[in-house]
Chemist: 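Here you go, one structure.
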Number of protein chains: 2
Amino acid sequence: MPPRRPTQRDIAERAGVSTATVSYVLSGRRGGVKPPPPETRERVLRAVAETGYQLDHAGRSLRRQRTDVVALMYPAPSSPWSDRLAEELQVAAAERGFAVVALPVITSASGAAILRVLRQRYIDGAVLLPDCPLDGPELTALAAQGQALVVFDDDLEPDGFDVVRQHRSSACRAATERLIAAGHRRIAVLAHADDHGRPLADVKLRSHLDALAAHGIPADPGLIRPVADSRSDAYAAVRDLLRLPDPPTALLSATDRAAVDGIWAARDLGVDVPGGLAVIGIGNIPEGLMISPPLTTVGAAALDFSREVARLFERLDAPAALPGVELATPWELIVRASG
Amino acid sequence: MPPRRPTQRDIAERAGVSTATVSYVLSGRRGGVKPPPPETRERVLRAVAETGYQLDHAGRSLRRQRTDVVALMYPAPSSPWSDRLAEELQVAAAERGFAVVALPVITSASGAAILRVLRQRYIDGAVLLPDCPLDGPELTALAAQGQALVVFDDDLEPDGFDVVRQHRSSACRAATERLIAAGHRRIAVLAHADDHGRPLADVKLRSHLDALAAHGIPADPGLIRPVADSRSDAYAAVRDLLRLPDPPTALLSATDRAAVDGIWAARDLGVDVPGGLAVIGIGNIPEGLMISPPLTTVGAAALDFSREVARLFERLDAPAALPGVELATPWELIVRASG
DNA sequence: CTGAAAGCGCTTACAG
DNA sequence: CTGAAAGCGCTTACAG
């Protein structure tokens with residue numbers, strides 16, 4: 001037996017009704033029209049049970065011109081933030097009969113395939129976390145084609161899609177300023193890596209360099225290490241930095257994870273934190289509260305995406321296209337004990 | 001202007017050709033038939049560029065009876081393992097023109113919605129990591145309907161789907177046996193939590209209790225804490241355990257993360273690891289190599305899913321349904337310095 | 001209350 | 001080399 005799935009036509013024949021009736025029973029009727037009476041209903045449901053019929057998504061979404069699927073797109077690897085957003089999205093989606101898929105973006109691999117998911121209407125809408133590889137024109141085009149989009153970005157202008165402002169740049173600058181104000185002049189940086197394994201000049205690193213420049217402090221390239229995405233590399237890098245003849249007195253890390261490893265490296269070398277090395281991370285993950293001393297960091301105060309999720313579904317529910325708006329969930333400097 | 005997307009019909013009119021030709025240009029022809037000549041091709045591509053036409057996934061997949069999408073399903077939150085598998089899947093999928101979606105299962109929320117993605121043919125196939133909420137009959141039914149499935153499970157029999165054996169139970173038992181052999185009798189356990197916040201009697205906890213029973217060692221319920229999924233709770237739980245009048249001498253944790261926090265709690269209290277507290281985790285995440293002392297753990301030796309991914313695409317490429325097979329990627333006890 | 005029929009956007013044998 | 005036409009599995013105005 002070939003794996004042919006039964007269709008509504010099979011159910012209709014079996015139940016002695018039309019395919020219209022099958023559809024009415026299974027999916028209801030629009031506009032408050034009465035559903036089929038119990039006897040009809042039961043005949044259909046029996047046929048469904050007997051055959052193991054399952055609705056076919058392609059047929060339905062072609063006809064309805066919607067997929068009832070939303071996506072969450074984020075740069076891999078996942079984080080407590082992306083995990084939390086996935087969860088909130090799933091709860092809200094379940095209430096409305098939507099399914100949620102996650103789209104982790106792996107820089108080297110994903111490219112075209114992941115864009116196809118948005119462009120070719122696999123989904124009705126998406127929340128895009130920061131640093132997804134989509135530019136303004138692309139987002140505008142997607143929005144114009146009807147995709148509901150809520151995009152975390154500090155620079156793009158809303159244009160048929162909504163933009164969530166985090167003001168990451170000023171929050172990151174505040175971290176460096178705090179270190180400078182405390183007298184630090186040699187500040188090591190654990191940065192993200194670019195494709196060539198060099199420090200990535202992203203908003204985090206640029207904010208730091210801007211703050212240094214604003215205070216006339218020269219940046220020492222030797223103190224900038226592209227290890228923020230690897231726990232083991234971060235540990236080793238900080239260990240090496242602390243063994244330098246002229247070691248840094250402070251550490252700014254593009255990720256909280258690497259900052260935590262930096263604290264471990266310092267502790268394992270007997271260097272006091274923050275006395276011997278002040279440490280500030282970026283991201284505000286829950287783990288930062290667990291380390292001793294607790295991690296000073298930069299990030300959103302609360303692990304809460306309810307407004308952004310609600311906005312996505314407002315878009316999805318709206319009868320006509322909504323104009324793009326700005327939402328604000330600003331990052332802040334969260335001072336704890338490590339720096 | 002309503003956001004009507006152009007269709008191949010629009011492109012055909014604009015280029016003065018038939019929709020068949022448009023499709024041939026955009027999607028090629030089966031069976032080595034020659035593609036349209038350059039002039040035709042160019043007219044079509046120009047119309048595509050002018051209108052911003054994008055293929056519609058619903059139309060194509062309804063006609064082709066396949067979606068060219070595969071999924072990775074895993075219990076949330078994500079882990080280095082699920083991240084790595086997503087990456088490998090994405091690389092393999094990109095080569096074949098498939099898109100990858102991740103389906104994190106959040107126990108409370110997901111249920112029905114996530115099953116719909118499999119049942120209603122949103123996707124052509126999936127890899128299911130351990131502890132996804134699908135039973136044997138369900139998987140058999142999905143496989144019979146043509147879904148390509150590779151399922152991590154130690155108990156299910158393959159039946160139209162493939163099963164990856166990890167032998168988690170015997171590997172976990174080996175961890176407890178090692179502690180017992182080293183003379184430990186009071187072994188604390190950081191377990192997963194069930195829906196009521198009590199220790200979840202999963203394969204990890206059961207293996208531990210079995211090993212204790214086999215050696216006639218009574219289990220002390222007071223030593224079993226449901227904190228394996230929360231870093232902060234794990235730290236606090238271990239701190240409290242170590243302050244007990246009769247503290248445990250060893251710790252087995254259902255997750256490496258919680259084990260690492262346990263080591264931190266011990267170190268912060270001045271308790272030597274493994275001298276004062278032997279610690280063994282489960283999961284073998286890279287972070288376990290970073291802590292001092294390096295974490296003894298239970299898990300797969302390598303962060304490598306190439307065989308499982310290859311098998312999924314074998315299924316997808318096969319002209320007829322393949323019988324289910326067993327693959328083996330056994331977990332092992334990985335002895336490092338912590339216990 | 002129910003059914004016949006059109007059509008969503010594609011692909012693909014088939015005819016010319 | 002290209003087009004007319006059928007059909008994938010649904011949903012839904014409309015007629016009876």
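To find a chain, count down the sequence lines: A is the first, B the second, and so on, and within it residues start at 1. This structure is a prediction, so every number in the text was calculated from the model and none was measured. Keep in mind that the numbers below use all heavy atoms, side chains included, and drop hydrogens, waters and symmetry copies.
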Chemist: List in chain and number order the residues that pass side-chain contact (heavy atoms from CB on, under 4.5 Å) with B:Ser61, two or more places apart in sequence or in another chain; answer none if no residue qualifies.
Modeler: A:Ala58, B:His57, B:Thr67
Chemist: Which residues in residues 39-57 of chain A have a heavy atom closer than 4.0 Å to any atom of DNA chain C?
Modeler: A:Thr40
Chemist: Does anything in residues 45-67 of chain A form a salt bridge (Lys or Arg N to Asp or Glu O under 4.0 Å)? List the pairs, not counting sequence neighbours.
Modeler: A:Arg14-A:Glu50, A:Arg66-A:Asp68
Chemist: Which two nucleotides bound the region of DNA chain C that has atoms under 4.0 Å from heavy atoms of chain A, read 5' to 3'?
Modeler: C:dC1 to C:dG9
Chemist: What verdict does the side chain to side chain donor-acceptor pair (under 3.5 Å) test give for B:Glu88 and B:Ser306, after you've listed the backbone C-alpha separation in whole Å, the side-chain angles of each residue and the deciding distance to 0.1 Å?
Modeler: CA-CA 7 Å; B:Glu88 290 193 30; B:Ser306 49; 4.7 Å; no
Chemist: Using side-chain contact (heavy atoms from CB on, under 4.5 Å) as the criterion, list what pairs up with A:Asp135, not counting sequence neighbours.
Modeler: A:Pro137, A:Glu138
Chemist: Run the ring pair (Phe, Tyr, Trp, His ring centres under 6.0 Å) test on B:Phe98 and B:Phe313 for me, step by step, so that the C-alpha distance in whole Å, both residues' side-chain angles and the decisive distance to 0.1 Å come before the verdict.
Modeler: CA-CA 10 Å; B:Phe98 275 78; B:Phe313 285 103; 5.6 Å; yes
Chemist: Give the dot-bracket line for DNA chain D from 5' end to 3' end: parentheses for intra-strand Watson-Crick or G-U pairs under 3.5 Å, square brackets for crossings, | for inter-strand pairing, dots for unpaired.
Modeler: |||.||||||||.|||
Chemist: Among B:Leu72, B:Val70, B:Asp304, B:Leu85, exactly one meets side-chain contact (heavy atoms from CB on, under 4.5 Å) together with B:Val309. Which residue is that?
Modeler: B:Leu85
Chemist: Does A:Arg84 make a cation-pi contact with A:Phe305, if we ask for NZ or CZ under 6.0 Å from the ring centre and within 45° of the axis?
Modeler: no
Chemist: Which atom names give the shortest non-hydrogen contact between A:Ala99 and B:Ala113, and what distance separates them?
Modeler: CB-O, 4.0 Å
Chemist: What pairs of residues pass the salt bridge (Lys or Arg N to Asp or Glu O under 4.0 Å) test when at least one of them lies in residues 122-134 of chain A, not counting sequence neighbours?
Modeler: A:Asp131-A:Arg168
Chemist: Just to verify, what does A:Glu157 make a side-chain contact (heavy atoms from CB on, under 4.5 Å) with, not counting sequence neighbours?
Modeler: A:Arg165, A:Glu326
Chemist: First locate atom OG1 of A:Thr21, then atom CG of A:Leu26, and finally report the distance between them rounded to the nearest 0.5 Å.
Modeler: 10.5 Å
Chemist: Taking DNA chain C as the partner, which of residues 61-71 of chain A come within under 4.0 angstrom of it by heavy atom?
Modeler: A:Leu62, A:Arg63, A:Gln65
Chemist: Ring pair (Phe, Tyr, Trp, His ring centres under 6.0 Å) with A:Tyr53: which residues, sequence neighbours excluded?
Modeler: none
Chemist: Could you identify which residues of residues 12-23 of chain B place a heavy atom less than 4.0 Å from some atom of DNA chain D, listed by residue number, or say none?
Modeler: B:Gly16, B:Val17, B:Ser18, B:Ala20, B:Thr21
Chemist: At their closest point, which heavy atom of A:Pro77 faces which heavy atom of B:Asp83, and how far apart are they?
Modeler: CB-OD2, 3.3 Å
Chemist: Apply side-chain contact (heavy atoms from CB on, under 4.5 Å) to residues B:Thr140 and B:Phe161 and explain how you reach the verdict.
Modeler: CA-CA 7 Å; B:Thr140 302; B:Phe161 55 89; 3.8 Å; yes
Chemist: Taking only residues two or more places apart in sequence or in another chain, which ones pass side-chain contact (heavy atoms from CB on, under 4.5 Å) with B:Ala148?
Modeler: B:Leu312, B:Arg315, B:Leu316
